[in-house]
Amino acid sequence: MLYYLFEYLDKTLDVPGTGVFQYITFRSALALMLSLLLSTIYGKMIIRFLQRQQVGETVRELGLAGQNEKAGTPTMGGLIIIFATLVPVILFAKLHNIYIVLLIVTTLWMGTIGFIDDYIKIFKKDKEGLKGIFKVVGQVGLGLIVGIVLYFHAGVTVRTDTSSSDIFKAPTETVILPAPIEEKSTATTIPFFKNNEFDYAELLAWTGEGYEKWAWLIFIPVVIFIITAVSNGANLTDGIDGLAAGTSAISVLALGIFTFVSGNIIFSNYLNIMYIPNSGEMTVFIAAFVGSLIGFLWYNSYPASVFMGDTGSLTIGGIIAVLAIAVRKEMLIPLLCGIFLVENFSVVLQVSYFKYTKKRFGEGRRIFLMSPLHHHYQKKGYHESKIVTRFWIVAIMLAILSIVTLKLR
């Protein structure tokens, strides 16, 4: 909202200094600082409120060291992340930007699903929480909305012809160039490949002429799958103090770099990547989101004063997925969100192998001492602080490698 106020002061009243609000970098810095303040200052108030409401974590007996001490710790701390993200976004972002609208919808949608799940666990005393089928329906519903909007909305376009722009021409040089074209496209980026745009529509080329108009049959299911997979991956990663929040902040920071350069015609030209008009505004959202995650870590680091619950973990996963899809970097998710992938894969392997061996040998066997993977290391005797720190280091390495793909092709 402040963006529109300062735009009015600048363009209508010509108030000196108000034009600075036009810069994404300035508004992103303000969003980051405000989200940090909100999550650290008001986070304590939210934790006290949760304590008064007796919103405590019910811990299942898993035989893990230090597990019993966590009983009664307030959960639903994802409310801190949501609050500290949305307030700066509403104040500093362009609220008419379609990408910002999608991210706000994602935050509220996934936050609501997670909140219902936590509410059932705590107040209905049902350890299973919201039935898995309802979670999946909610995730698919969000994927359907995001996929339809990104495919059909007129404001979602790309430009791959940034080299035809005259921004790098000398002022005295007279060059007649065709007008750059912003077009609807289902193109995405394949990491590590030169000329690395891939169009989902090409998968339907075998159907004959006019196949492009049916690209939504591929694109929307892909969006649904990615949102469901990443949100579940974040949910499984949230198992020990600071793990999900820290690794997510690292991944989102990397996505912030992709968003900024993809939404800037100069940087996209220099890096020879797809230019996505208006996508740079997501940098403001990302700054607020990172600030809220870091501020949340103030209370969630070991020993945690609050847990994020599904309210936070499902929201985090949904936001990361939508960001990656919007900036056409969804194929980087296995690398960028490698921690989520490994945690998810460890559960799938464990369950599949247990069922297979039980059917074949009459006795279920395990690959890991316990899944998800972070619990395996707990069972081996590692302190959870050491596990979290090492997972953060791996996440940083993966984020750096993901960023390197901008030039490593």
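At least one side-chain heavy atom of Ile320 sits under 4.5 Å from a side-chain heavy atom of Val252. Side-chain contact between Leu38 and Pro88 is present, with at least one heavy-atom pair separated by less than 4.5 Å. Contact of the Leu103 side chain with the Leu323 side chain is registered, since non-hydrogen atoms from C-beta on lie closer than 4.5 Å. Inter-residue side-chain proximity for Leu243 and Ile387 is flagged as unmet; no heavy-atom pair is nearer than 4.5 Å. Annotation: side chain of Met308 is in contact with side chain of Ile316 (closest heavy-atom distance under 4.5 Å). The closest side-chain heavy-atom distance from Phe340 to Val230 is below 4.5 Å. Inter-residue side-chain proximity for Ile220 and Leu144 is flagged as met; some heavy-atom pair is nearer than 4.5 Å. Looking at heavy atoms from C-beta onward, Glu363 lies out of side-chain contact with Thr357 at the 4.5 angstrom threshold.
Within 6.0 Å of the OH atom in Tyr8, the count of heavy atoms belonging to other residues, nucleotides or ligands does not exceed 12. The environment of CZ in Phe152 is crowded: more than 12 heavy-atom neighbours from other residues, nucleotides or ligands sit within 6.0 Å. Atom OH of Tyr151 has more than 12 neighbouring heavy atoms from other residues, nucleotides or ligands inside a 6.0 Å radius. Annotation: Tyr211, atom OH; neighbour count of heavy atoms from other residues, nucleotides and ligands within 6.0 Å is above 12. Annotation for Phe354: atom CZ counts as buried by contact number, over 12 foreign heavy atoms lying within 6.0 Å. Other residues, nucleotides and ligands place no more than 12 heavy atoms under 6.0 Å from the OH atom of Tyr382. Other residues, nucleotides and ligands contribute at most 12 non-hydrogen atoms within 6.0 Å of the OH atom of Tyr377. Atom CZ of Phe134 has 12 or fewer neighbouring heavy atoms from other residues, nucleotides or ligands inside a 6.0 Å radius.
For the pair Lys407 and Tyr270, the cation sits on the ring face: its NZ or CZ lies under 6.0 Å from the ring centre, inside 45° of the axis. Taking the ring axis of Tyr23 as reference, the NZ or CZ atom of Arg27 does not stay both within 45° of it and closer than 6.0 Å to the ring centre.
Contact between Thr186 and Tyr200 at its shortest, heavy atoms only, is O-CD1, 3.1 Å. The heavy-atom pair separating Leu336 from Ser251 by the smallest distance is O-OG, 3.2 Å. The two atoms that bring Ala287 and Leu32 nearest to each other are O-CD1, 3.4 Å, heavy atoms only. Of all non-hydrogen atoms in Ser231 and Leu314, the two that sit nearest each other are O-CD2, 3.8 Å. Contact between Phe83 and Ile46 at its shortest, heavy atoms only, is CD2-CD1, 4.5 Å. When all heavy atoms are compared, the tightest approach of Ile367 to Leu349 is CD1-O, 3.9 Å.
Between the OG atom in Ser268 and the CZ atom in Phe260 there is a gap of 11.0 Å [rounded to 0.5 Å]. In this structure, Leu86 CG and Ser35 OG are separated by 11.0 Å, a value rounded to the nearest 0.5 Å. For the atom pair CG (Leu293) and OG1 (Thr247), the distance works out to 9.0 Å, reported to the nearest 0.5 Å. Here the straight-line distance linking atom OG1 of Thr283 with atom CG of Asn264 works out to 9.5 Å at 0.5 Å rounding. Separation of atoms CD (Glu183) and CZ (Arg159) is listed at 10.5 Å; rounding is to 0.5 Å. The CD1 atom of Ile226 lies 8.0 Å from the CE atom of Met331; values are rounded to the nearest 0.5 Å.
With hydrogens and angles disregarded, no donor-acceptor distance shorter than 3.5 Å links the side chain of Ser371 to the backbone of Val347. Using a distance-only test at 3.5 Å, with no hydrogens or angles considered, no donor-acceptor pair links the side chain of Asp238 to the main chain of Ala244. Looking only at distances, a side-chain donor or acceptor of Ser346 sits under 3.5 Å from a matching main-chain atom of Leu373. Distance alone, capped at 3.5 Å, is enough to place a donor-acceptor pair between the Glu384 side chain and the Asp241 backbone. Checked by atom type and distance alone, the side chain of Ser279 pairs as donor or acceptor with a backbone atom of Ile276 at under 3.5 Å. A donor-acceptor pair under 3.5 Å links the side-chain atoms of Glu281 to the main chain of Lys94, judged by distance alone. A donor-acceptor distance shorter than 3.5 angstrom exists from the side chain of Asp118 to the backbone of Thr311, with no hydrogens or angles considered. Judged by distance alone, the side chain of Asn97 and the main-chain N or O of Asn278 form a donor-acceptor pair under 3.5 Å. A donor-acceptor pair under 3.5 Å is absent between the side-chain atoms of Tyr302 and the main chain of Val388, judged by distance alone. With Ser39 contributing its side chain and Leu36 its backbone, the two residues share a donor-acceptor pair below 3.5 Å.
Between Phe289 and Phe285, the ring planes are tilted. Angles from 30° to 60° get that label. In this pair, His376 and Phe368 present their aromatic rings perpendicular. The plane angle is above 60°, beyond the 30 to 60° band.
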Quiz item: Where do Thr237 and Asn344 land on the side-chain contact (heavy atoms from CB on, under 4.5 Å) test, with the steps shown first?
Solution: CA-CA 8 Å; Thr237 304; Asn344 217 336; over 6 Å; no
Practice problem: Check the pair Ile145, Trp109 against side-chain contact (heavy atoms from CB on, under 4.5 Å), reporting the backbone distance first and the verdict last. | Solution: CA-CA 11 Å; Ile145 292 171; Trp109 186 290; 3.3 Å; yes
Quiz item: So Lys184 and Val158, side-chain contact (heavy atoms from CB on, under 4.5 Å) or not? Walk me through it.
Solution: CA-CA 7 Å; Lys184 297 291 297 179; Val158 301; over 6 Å; no
Practice problem: Verify side-chain contact (heavy atoms from CB on, under 4.5 Å) between Ser305 and Thr73, making sure each step is shown before the conclusion. | Solution: CA-CA 6 Å; Ser305 302; Thr73 302; 5.8 Å; no
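Here the options are Phe49, Phe307, Tyr119, the test is side chain to side chain contact (heavy atoms under 4.5 Å, CB included), and the partner is Met76; only Tyr119 passes. For the side-chain hydrogen bond (donor to acceptor under 3.5 Å, both in side chains) criterion with Thr188, the lone passing option out of Glu197, Arg328, Lys329, Glu330 is Glu330.
Aromatic pair His96/Tyr3: ring centres not closer than 6.0 Å. Taking the six-membered ring for Trp and the full ring otherwise, the centers of Phe21 and Phe26 sit less than 6.0 Å from each other.
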